[in-house]
2 protein chains.
Amino acid sequence: MAKREYRQHCALARALDLVGERWTLLVVRELLTGSKRYKELLANLPGIGTNLLATRLSDLERAGLVERGDRSYSLTPRGSELEAAVLALARFGAPLLAEADGEVYWSASWNPIALKYAFRPERARRLRGTVEYRVDDSRVQARFRDGEIETAAESSWRPDVVVTTDGETFLALSAGELDPRDAEAEGSLEIAGDRALFRRSLRAFGVS
Amino acid sequence: MAKREYRQHCALARALDLVGERWTLLVVRELLTGSKRYKELLANLPGIGTNLLATRLSDLERAGLVERGDRSYSLTPRGSELEAAVLALARFGAPLLAEADGEVYWSASWNPIALKYAFRPERARRLRGTVEYRVDDSRVQARFRDGEIETAAESSWRPDVVVTTDGETFLALSAGELDPRDAEAEGSLEIAGDRALFRRSLRAFGVS
DNA sequence: CCGGATCCGTAACGATACTG
DNA sequence: CAGTATCGTTACGGATCCGG
């Protein structure tokens, strides 16, 4: 049978024909932070089912959005063009994170994307410097300059401040439920370097 | 049974929990151009099935994104926040419009959205004025100013130029397959007012 | 006629077992 | 490890029916 498509001459419908099916944009999200192995994808997409992941990957490959490298998958340049759409959707969904009901999965590997969609340029006009966030096993660097943010997964720049914490503390801080001062006092947060820069970065992300 | 959700503490996943199902974002697209009746939605969403449309609308209503008025549906303020995500997805999908395979549906009522996602600020820095596009039964106004575009469905402003054409010609012009000069010569395009402004608006939309 | 609701066949998805 | 194969369940699509 023919694939299920909208058959509309509409840019939105065409985009959804490619990436509108279940799990597809979450696979893209995973690959936006760099190439991943099959089992890494599976680990960050609990519930997807191995057959469906394989189907999605091959569909994305046929669509020219994903390419398989040496034992890994990554986005093509065309696939990377989805970043703006992913960030826009995430900005819409961000307010819903407060409703933390029950058992939910979270991975520190999403931080590079979270930093990007949470960043509010109007709150960071004069912010300048590089912050490295170390959460669990993940390290992300954010470089602020001229009201813009650049992120890098690895140690690309010399950080002005390094922040180390665990996932639970990081989430509580993000939600504004925990004050950095308290976290530091109880030893679950460590700040090495320009402490003022770290504080101002929090405000740039809308953390009260 | 519980609704099918991703159960991830991720802003993208939360957004998709609300609007990630089939047809949902197309319903939102319809309502982005103003309130619509049930049958109007049905007409612009061929293939959706009456039961599914009803389900989507009530789901969106429960999610606080849609409200039903007097015999019509419209977006709530929260629902309108989806515009950025819809436009971002449309920008990604726009290049795919060239692959016009077979029978596809199109409606002039999508023009307000099409004008927005197709607009390229960097090509319209000094563009200034109001253009009214009349295609089939639809009228859209676009006001250019300071490298930005504003659109309105009705006759909100005094247009500097009014362009009248039919859907087929409009699509051919958009695709760059037809030169406005030729269209005008054969009588399928009518330009009343500031002709230079109309030409420059085409370039702002990336039409060669 | 509009705005759905009901019913049913088909396609998509989810979970697990299995294989190179 | 990286997927197929299989199978039960859910979602979707199309048609028909129904109340105001």
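Residue numbers begin at 1 in each chain, while the letters A, B, ... track the order of the sequences. Remember, it's a predicted structure, so these values are computed and weren't measured experimentally. Values below: every heavy atom of this structure, side chains too, minus hydrogens, waters and symmetry copies.
Rounded to an integer number of Å, the gap from B/Arg7 CZ to C/dG14 P is 13 Å. Atom P of nucleotide D/dG20 and atom NZ of B/Lys39 are separated by 21 Å, given to the nearest angstrom. For the pair B/Arg22 CZ and C/dT10 P, the computed distance is 18 Å after rounding to whole Å. The distance between atom CG of B/Leu53 and atom P of D/dG14, rounded to the nearest whole Å, is 14 Å. As a whole-Å value, the separation of A/Trp23 CH2 from C/dA15 C1' is 12 Å. D/dT4 atom P lies 12 Å from atom CG of A/Leu52, rounded to whole Å. One atom, CD1 of B/Ile48, and another, P of C/dA11, lie 19 Å apart when rounded to the nearest Å. The distance between atom CG of B/Asn51 and atom C1' of D/dA11, rounded to the nearest whole Å, is 10 Å.
A sub-4.0 Å separation between OP1 or OP2 of C/dC2 and a side-chain N or O of B/Arg37 is absent.
For CD of A/Glu150, the number of neighbouring non-hydrogen atoms (other residues, nucleotides, ligands) closer than 6.0 Å is greater than 12.
Ring planes of A/Tyr73 and A/Tyr38: tilted class, angle from 30 to 60°.
Between the side chain of B/Thr50 and the base of C/dA5, a donor-acceptor pair under 3.5 Å is found.
Listed for the B/Thr151 side chain is no donor-acceptor partner under 3.5 Å among the backbone atoms of B/Ala142.
Closest approach to the A/Arg68 side chain among C/dG14, D/dG3, C/dA12 is made by D/dG3 (side chain taken as heavy atoms from C-beta onward). Comparing C/dC13, C/dG4, D/dG3 by their nearest atom to the side chain of B/Ala54 picks out C/dG4.
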